[in-house]
A.B. asks: 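Dropping a structure here in structure tokens format, bear with me for questions.
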Amino acid sequence: VTRVVQLTKSGGAERREPLYTDGPRLYYQSTGPLAADWQLRQVLLNGNEDTPADIPAERFRIRGLSPDDTEFLALSNDEQSTVWTIPVANGSPHRIGNLVANDIAWSHDGGWFAYAQGSHLFLAKSDGTSSRSLATMPDASGKIDHVRWSPDDRQIRFTLIAPTFERGTLALWEVRADGRNLRELRFWPGDQMECCGEWTRDGRYFVFSSRREGITNLWALEEKSDWWRRANRDPV
């Protein structure tokens, strides 16, 4: 990282909500003291235009973009937390089967959803059918959040939020898309406070947040390297 550029001036970006981009635009969720203040906003990355997106944001929480960047993936903003798609350029929301989730992610090939219900991770086709269990966390009180597919769709990583977790409250986990090799990603001894990881689009790095001694930093884990050298397996 050689330069940091401020994109918005409103001060309304909700820090707990993910960011999404289709290339020319960045989407972020803005909030205020009332439920009606929720907005999905879009910023042009080659300018300073910051405008609301044309979706009923007070009804939905955006959880991703379709692989072709034409639809938002969303969860209803109510106790049911049903799964929907919403066209980026106008159009009516469309419910996806009978899926219910507290977080969800679209595979890069567009064929599958990985979604969480409490401490359980599931896989379903993108039309909402053929749902099956993918992984169950050993701590039943934990909650899976921030589900992400690797760029090759072979792995899924997520954050476990667990108030009773004996080593902390936030931890990164991964599982293969076939349900094998469920494991925690541990980089340092002591309580785990790592979360919210994202792969770079080329799959070379996995970037995540870590809170240590009261300070939150971004860290990068090298996933792939050039052919003439071995990847550095320690986060930087």
Side-chain angles (χ1 to χ4, degrees), residues 1-8 13-29 40-47 49-50 53 61-75 85-89 101 103-116 121 123 125-126 134 144-159 172-178 181 185 187 194-210 216-236:
V1 178
T2 58
R3 191 165 65 112
V4 177
V5 177
Q6 182 174 333
L7 297 176
T8 69
E14 173 52 58
R15 64 184 179 88
R16 300 176 186 88
E17 293 293 322
L19 307 173
Y20 305 102
T21 181
D22 58 6
R25 289 166 294 190
L26 177 79
Y27 296 97
Y28 72 94
Q29 293 176 81
L40 180 70
R41 299 187 66 85
Q42 53 189 350
V43 179
L44 287 175
L45 296 181
N46 61 354
E49 183 180 343
D50 184 352
R61 292 288 185 270
I62 303 304
R63 285 297 174 263
L65 281 166
S66 61
D68 61 3
D69 297 325
T70 62
E71 294 180 297
F72 293 112
L73 179 61
L75 301 177
T85 56
I86 308 171
V88 170
D103 195 46
I104 190 167
W106 216 324
S107 64
H108 294 85
D109 65 8
W112 297 90
F113 291 131
Y115 67 98
L121 187 67
L123 202 64
K125 290 184 178 179
S126 56
L134 191 64
I144 294 173
D145 195 28
H146 209 90
V147 179
R148 293 295 183 269
W149 293 80
S150 63
D152 61 9
D153 288 332
R154 293 181 180 179
Q155 284 181 301
I156 299 168
R157 287 180 180 165
F158 54 89
T159 301
L172 292 171
W173 285 70
E174 71 176 7
V175 65
R176 288 183 52 168
D178 59 8
N181 296 344
L185 300 178
F187 307 114
E194 283 70 57
C195 79
C196 317
E198 301 275 357
W199 269 282
T200 54
R201 288 200 172 189
D202 59 5
R204 183 162 183 168
Y205 295 98
F206 183 73
V207 182
F208 62 93
S209 170
S210 178
T216 301
N217 285 312
L218 291 179
W219 293 76
L221 182 67
E222 190 173 22
E223 298 283 322
K224 298 191 298 185
S225 64
D226 299 311
W227 64 269
W228 63 83
R229 67 177 183 85
R230 181 178 297 177
N232 177 17
R233 302 310 300 169
D234 295 324
V236 175

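Worth saying up front: this structure is predicted, and the values here are computed from it rather than measured.
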A.B. asks: Would you please name every residue forming a ring-ring contact (aromatic ring centres under 6.0 Å, His included) with Tyr205, sequence neighbours left out?
C.D. replies: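 None.
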A.B. asks: Just by distance, do the side chain of His108 and the backbone of Asp152 share a donor-acceptor pair under 3.5 Å?
C.D. replies: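 The answer is no, because no donor-acceptor pair under 3.5 Å joins these two groups.
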A.B. asks: So how far is it from Glu49 CD to Arg25 CZ, rounded to the nearest 0.5 Å?
C.D. replies: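 Here the rounded value is 10.0 Å.
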A.B. asks: Can you see whether Gln155 engages Glu174 through a side-chain donor-acceptor pair at a distance of less than 3.5 angstrom?
C.D. replies: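 A pair is found: one side chain offers a donor N or O, the other an acceptor, under 3.5 Å apart.
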A.B. asks: Is it the case that the side chain of Ser126 and the backbone of Gly110 share a donor-acceptor pair, with hydrogens and angles ignored and the cut-off at 3.5 Å?
C.D. replies: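 Yes.
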A.B. asks: Considering only heavy atoms from C-beta outward, does the side chain of Phe158 approach that of Leu121 to under 4.5 Å?
C.D. replies: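 SC-SC contact between Phe158 and Leu121 confirmed.
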A.B. asks: Are Thr85 and Trp106 side-chain neighbours, meaning at least one heavy-atom pair lies under 4.5 Å?
C.D. replies: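 Yes, close enough: below the 4.5 Å cut-off.
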A.B. asks: Distance from Trp199 atom CH2 to Leu221 atom CG, nearest 0.5 Å?
C.D. replies: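 Taking CH2 in Trp199 and CG in Leu221, the distance rounds to 9.5 Å.
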A.B. asks: With a 4.5 Å limit on heavy-atom distance, are the side chains of Glu194 and Ser210 in contact?
C.D. replies: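 With C-beta onward as the side chain, the pair touches.
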A.B. asks: Is there side-chain contact between Val5 and Arg3, with at least one heavy-atom pair below 4.5 Å?
C.D. replies: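 Yes; the side chains approach each other to less than 4.5 Å.
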A.B. asks: Might you confirm whether atom CZ of Arg15 has over 12 heavy atoms from other residues, nucleotides or ligands at distances under 6.0 Å?
C.D. replies: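 No, not enclosed.
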A.B. asks: Closest approach of Ala177 and Leu134, non-hydrogen atoms and distance?
C.D. replies: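 The pair with the smallest heavy-atom distance is O-CD1, 3.4 Å.
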A.B. asks: Side-chain contact, heavy-atom cut-off 4.5 Å: Pro235 with Phe208?
C.D. replies: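 Contact flag for Pro235/Phe208 side chains = yes.
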A.B. asks: Given the rule in the side chain to side chain contact (heavy atoms under 4.5 Å, CB included) test, do His146 and Arg63 qualify, once you have shown the distances and angles that lead to the verdict?
C.D. replies: CA-CA 9 Å; His146 209 90; Arg63 285 297 174 263; over 6 Å; no
A.B. asks: Leu172 vs Phe206, test: side chain to side chain contact (heavy atoms under 4.5 Å, CB included). Steps then yes/no.
C.D. replies: CA-CA 11 Å; Leu172 292 171; Phe206 183 73; 4.1 Å; yes
A.B. asks: Could you work out, with ring-ring contact (aromatic ring centres under 6.0 Å, His included) as the rule, every residue matching Tyr20, not counting sequence neighbours?
C.D. replies: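 Testing Tyr20 for ring-ring contact (aromatic ring centres under 6.0 Å, His included), a comparison that skips the adjacent residues, returns none.
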A.B. asks: What are the two closest heavy atoms between Ser107 and Pro67, and how far apart are they?
C.D. replies: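 Result for this residue pair: O-CG, 3.4 Å.
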A.B. asks: I'd like to know if the side chain of Ser209 and the backbone of Cys195 have a donor-acceptor N/O pair within less than 3.5 Å.
C.D. replies: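 No; judged by distance alone, with no hydrogens or angles, the pair does not exist.
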A.B. asks: So, for Ile86 and Ala74, which heavy atoms are closest and what is the spacing to 0.1 Å?
C.D. replies: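 Smallest interatomic distance, heavy atoms only, reads CD1-CB, 4.0 Å.
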A.B. asks: So how far is it from Leu185 CG to Thr159 OG1, rounded to the nearest 0.5 Å?
C.D. replies: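 Leu185 atom CG to Thr159 atom OG1 measures 10.0 Å (nearest 0.5 Å).
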A.B. asks: I'd like to know if the side chain of Arg41 reaches the main chain of Asp50, judged simply by a donor and an acceptor atom lying under 3.5 Å from each other, with no hydrogens or angles considered.
C.D. replies: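 Yes, because the side chain of Arg41 sits within donor-acceptor range (under 3.5 Å) of the backbone of Asp50.
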A.B. asks: Measure the spacing between CG of Asp145 and CZ of Arg16 and express it to the nearest 0.5 Å.
C.D. replies: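 The CZ atom of Arg16 is 12.0 Å from CG of Asp145, to the nearest 0.5 Å.
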A.B. asks: Could you tell me which residues satisfy ring-ring contact (aromatic ring centres under 6.0 Å, His included) with Trp149, sequence neighbours excluded, listed by chain and number?
C.D. replies: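 If we apply the ring-ring contact (aromatic ring centres under 6.0 Å, His included) test to Trp149, skipping adjacent residues, there are no hits.
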A.B. asks: Drop me the distance from Tyr27's OH to Thr21's OG1, to the nearest 0.5 angstrom.
C.D. replies: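 Taking OH in Tyr27 and OG1 in Thr21, the distance rounds to 8.0 Å.
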A.B. asks: What are the two closest heavy atoms between Ser66 and Asp68, and how far apart are they?
C.D. replies: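 Heavy atoms of Ser66 and Asp68 come nearest at OG-OD1, 2.6 Å.
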A.B. asks: Tell me whether Asp153 contacts the main-chain N or O of Asp109 through its side chain, where contact means a donor paired with an acceptor under 3.5 Å.
C.D. replies: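 Yes.
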A.B. asks: Would you call Glu223 and Arg157 a salt bridge, using N to O less than 4.0 angstrom?
C.D. replies: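 The answer is yes: the pair qualifies as a salt bridge.
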A.B. asks: Would you call Val88 and Leu65 a side-chain contact if the rule is heavy atoms closer than 4.5 Å?
C.D. replies: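 Val88 vs Leu65: side chains touch.
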A.B. asks: Which pairs pass salt bridge (Lys or Arg N to Asp or Glu O under 4.0 Å) with one or both residues in residues 198-208, sequence neighbours excluded?
C.D. replies: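 For residues 198-208: Arg148-Glu198, Arg204-Glu222, Arg204-Asp226.
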A.B. asks: Can any side-chain N or O of Asp103 pair as donor or acceptor with the backbone N or O of Val147 at less than 3.5 Å?
C.D. replies: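 Yes, Asp103 side chain to Val147 backbone: donor-acceptor pair under 3.5 Å.
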A.B. asks: So, using ring-ring contact (aromatic ring centres under 6.0 Å, His included) as the criterion, who are the partners of Tyr28 when residues are at least two apart?
C.D. replies: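 So Tyr28 forms no ring-ring contact (aromatic ring centres under 6.0 Å, His included) with any residue.
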A.B. asks: For Asn181, enumerate each residue passing the side-chain contact (heavy atoms from CB on, under 4.5 Å) test, keeping only those at least two apart in sequence or located in another chain.
C.D. replies: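 side-chain contact (heavy atoms from CB on, under 4.5 Å) check on Asn181 returns Arg176.
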